[in-house]
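To keep things clear, I will list the structure first and then write my remarks on it.
What you see is a predicted model; the values in this text were computed from it and never measured.
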Amino acid sequence: MAEENANIDGTLEEDEDESSDEPDIQLELTAFRARWMSELKPSSGASGAGDRLARAKGVRRTQEIAREEKATELFLRAVQEEQNGAVYEAIKFYRMAMQLVPDIEFKINYSRPADTDGGGGHFEDSDADGEIEDLLAYFEQQLTLESSFPKICSPEFEMTQTHISALPREILMYIFRWVVSSDLDMRTLEQLSLVCRGFYICARDPEIWRSACLRVWGRNCTKLVPFKSWREMFLQRPRVRFDGIYISKTSYIRQGEESLDGFYRAWHHVAYFRYLRFFPDGHVLMLTTPEDPLSVVPRLRTRNPRMDSVLLGHFRLLQETDNQTKVFAVVCKKKEEKAAEIARNRFYRRSPAPEAEHSFHVGLHLSTRGQQRFSKLVWIHHSCHITYKLTGETVITAFDLDKMYTPFFFARVKSYTAFSEQPL
C-alpha cells in the first residue's frame with residue numbers, strides 16, 4: 001500500500017510539472033506570434049499603400065474618361081446648335097465643354113458615318129469648303145427641308161407678341177433696304193446677316209447688292225464679268241468709301257522775325273488739315289482748315305454743312321487702261337446771296353469788281369493702305385479755274401504738287417451711318 005501511495009504521489013507530481021510547462025509554451029507561442037506580426041506589419045503596410053495607390057489611379061483614370069466623354073458630348077452639341085443658327089446656345093455648350101476639358105477641340109474625332117438617307121451629305125461637304133455660295137445653298141436647303149412653308153426665322157422662346165418671322169419676305173427685304181439706306185451702309189448689312197440663317201439669306205439677296213453697285217458706278221456696271229456676283233463686285237472693285245472721311249495732314253516749319261535785340265529768331269510749327277467727304281449720289285465736300293478732326297468731322301455729316309469755308313461739288317470715278325482707278329472732283333464755294341452783297345456795297349460809289357466764278361479741279365489716285373481697301377488717295381492734279389461772267393474768259397492756274405500735298409487717309413465715322421434717311 002505504501003508503494004502504491006508513493007507511485008500515486010509521483011504521478012501527481014509529474015502531472016503538476018507537465019501542467020506547469022503548458023503556460024510557458026503558451027507564453028512562448030504568444031511572444032512568437034507577436035514578433036511575427038511585428039515583422040509582417042511593414043511589408044503589409046507597403047503592399048496596402050500600393051494597392052490604394054493603384055485603386056486611386058484607376059478611379060482617377062475612370063473620372064478622366066467620363067469627363068472627356070461628357071465634354072465631347074457637350075462640344076458636339078455646341079457644333080450642332082451653331083449649325084442650326086442658335087449661336088448663344090452654342091456658346092453656352094462650348095464653355096461647358098472647355099471647363100471640363102480645355103483642349104477638347106483637339107481630342108474629338110470628327111469623322112461621322114455616311115448618311116444613309118442620302119439627304120445631307122453633299123451639303124455638309126460643301127459647308128466644309130467655306131465658300132459663300134455653298135453656304136447660302138446649304139442654308140436654303142435646310143429651310144426647305146424643315147417645312148413645306150419655310151420661314152425666314154423662328155423665335156427661340158415663346159412670345160405673346162408677333163414675331164418678325166410672321167412678316168412676309170417682301171416686307172423683310174424692304175426693312176433690309178432701310179438698313180442699307182441711301183448711304184450704302186453695307187457694313188451693317190453684313191452684321192445683320194450674323195443673326196440667323198434666314199437673315200443671312202436675305203442679306204445675300206442679289207438685288208440689294210446690284211442696287212448698291214448701280215449707285216456707285218451707274219451705267220458702268222451693267223455686266224458682272226469678271227466678278228461672280230454683285231456682292232463680289234461691290235467688295236472687290238475699287239471705289240471710294242462713304243462711311244467715313246478722308247483726311248490729309250500737312251505740317252511745316254516757318255521762320256519767324258528776328259527779335260529787336262537780335263539775340264534770337266522764332267520758328268513756328270504750322271499744321272493744317274484737308275478733308276474730303278464723299279456721298280453715294282456723287283456729291284463731295286472739301287475743306288481746308290487748321291482745326292483738328294475732333295471738331296470738324298461731326299459738322300461734315302450732311303451735304304449742306306453750316307460752314308462758309310466748305311467747298312461743294314461733284315466727283316466721278318475713272319478706271320484707266322492700266323487698271324488704276326482715279327477720282328476727279330470739281331468743287332467751288334457756296335453762292336452768296338446778291339441782296340446781302342448789294343446791302344454791303346450800297347454806300348460805295350466805286351464800280352464793283354467784275355463777277356467771276358472760282359472752281360477747283362482735283363485729281364486723286366485711289367489705292368489700298370495695308371489691309372484697309374480703298375483707304376488712300378494720292379494727289380495727281382490740282383488747279384484753279386476762274387471764269388469771268390462778262391467776257392466768258394476762263395483762266396486756269398495749275399498748282400505744283402510738292403511735299404505740301406500729302407496723301408489722304410480714310411477714317412471710319414460711325415455717326416455718318418447711324419441714321420437712315422431713305423431706303424436703298
Side-chain angles (χ1 to χ4, degrees), residues 82 84-88 91 132-133 135-140 142-143 150-157 159 161-218 221 224 227-246 277-285 297-298 300-303 372-375 410-424:
E82 185 178 4
N84 294 335
V87 181
Y88 293 102
I91 293 175
I132 297 300
E133 291 80 8
L135 185 60
L136 181 61
Y138 173 65
F139 284 162
E140 291 178 345
Q142 278 189 329
L143 291 178
K151 292 184 177 181
I152 292 298
C153 57
S154 57
E156 184 178 1
F157 306 102
M159 300 183 62
Q161 300 177 352
T162 303
H163 191 256
I164 192 173
S165 59
L167 297 176
R169 184 166 181 172
E170 292 77 11
I171 303 298
L172 284 175
M173 296 307 303
Y174 187 68
I175 295 175
F176 274 55
R177 287 181 175 272
W178 269 101
V179 171
V180 177
S181 74
S182 57
D183 296 326
L184 297 185
D185 186 12
M186 311 308 290
R187 181 187 182 92
T188 304
L189 181 66
E190 291 292 294
Q191 294 176 346
L192 189 61
S193 67
L194 303 177
V195 174
C196 62
R197 292 174 298 174
F199 280 23
Y200 183 92
I201 295 173
C202 292
R204 294 298 188 275
D205 184 68
E207 192 60 30
I208 291 181
W209 294 94
R210 179 178 176 275
S211 301
C213 292
L214 290 175
R215 288 291 304 273
V216 176
W217 294 286
C221 65
L224 277 176
F227 305 101
K228 298 179 181 180
S229 63
W230 294 106
R231 179 175 180 271
E232 183 180 352
M233 175 187 286
F234 187 87
L235 297 178
Q236 300 295 334
R237 187 172 176 178
R239 55 179 173 79
V240 293
R241 298 184 58 177
F242 310 113
D243 57 344
I245 192 169
Y246 289 87
R277 169 86 161 98
F278 296 97
F279 295 90
D281 57 357
H283 285 81
V284 62
L285 303 179
V297 168
L300 297 179
R301 183 180 181 276
T302 62
R303 293 171 177 79
Q372 294 185 356
R373 300 179 61 85
F374 326 128
S375 60
F410 180 78
R412 179 171 171 261
V413 183
K414 295 181 180 179
S415 62
Y416 287 175
T417 55
F419 302 96
S420 299
E421 298 178 356
Q422 294 179 353
L424 175 63

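- Closest heavy-atom contact between Phe234 and Arg239: O-NE, 2.8 Å.
- Contact detail for Val180 and Leu189: the closest heavy-atom pair is CG2-CD2, 3.9 Å.
- Summarising the geometry, atom CD1 belonging to Ile175 is positioned 12.0 Å from atom CD belonging to Glu170; distances are rounded to the nearest 0.5 Å.
- Within 6.0 Å of CZ in Arg412 there are more than 12 heavy atoms belonging to other residues, nucleotides or ligands.
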*Please step through ring pair (Phe, Tyr, Trp, His ring centres under 6.0 Å) for the pair Phe199 and Phe176, ending with a clear verdict.*
CA-CA 9 Å; Phe199 280 23; Phe176 274 55; 5.4 Å; yes
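- Closest heavy-atom contact between Leu285 and Thr302: CD1-O, 3.4 Å.
- Here Asp243 pairs with Arg241 under the side chain to side chain donor-acceptor pair (under 3.5 Å) rule; sequence neighbours left out.
- Pairing each heavy atom of Ser182 with each of Arg215, the nearest pair is O-NH2, 3.4 Å.
- Summarising the geometry, atom CG belonging to Asp281 is positioned 9.5 Å from atom CG belonging to Leu184; distances are rounded to the nearest 0.5 Å.
- The closest side-chain heavy-atom distance from Glu232 to Trp209 is not below 4.5 Å.
- Side chains of Glu207 and Trp230 form no contact here, defined as non-hydrogen atoms less than 4.5 Å apart.
- Proximity of a side-chain donor or acceptor of Ser420 to a complementary backbone N or O of Trp178 within less than 3.5 Å is detected.
- Applying the ring pair (Phe, Tyr, Trp, His ring centres under 6.0 Å) rule to Phe279 yields no partners; only residues at least two apart in sequence or on another chain are considered.
- A heavy-atom distance below 4.5 Å is not found between the side chains of Cys213 and Arg237.
- The closest side-chain heavy-atom distance from Arg373 to Gln236 is below 4.5 Å.
- Note: Leu172 CG to Asp205 CG = 11.5 Å, rounded to the nearest 0.5 Å.
- The shortest side-chain heavy-atom distance between Cys202 and Met173 falls under the 4.5 Å cut-off.
- Pairing each heavy atom of Pro280 with each of Arg303, the nearest pair is CD-NH2, 4.4 Å.
- The two residues Asp183 and Phe242 make their nearest non-hydrogen contact at O-CB, 4.0 Å.
- Considering CG of Leu235 and OG of Ser229, their distance stands at 8.0 Å, rounded to 0.5 Å.
- Considering only heavy atoms from C-beta on, Arg204 comes within 4.5 Å of Glu190 through its side chain.
- Atoms CG and OH, from Leu194 and Tyr200 in turn, are 9.0 Å apart once rounded to the nearest 0.5 Å.
- Other residues, nucleotides and ligands contribute over 12 non-hydrogen atoms within 6.0 Å of the CD atom of Gln191.
- By the 4.5 Å heavy-atom criterion applied to side chains, Val284 and Val240 are not counted as neighbours.
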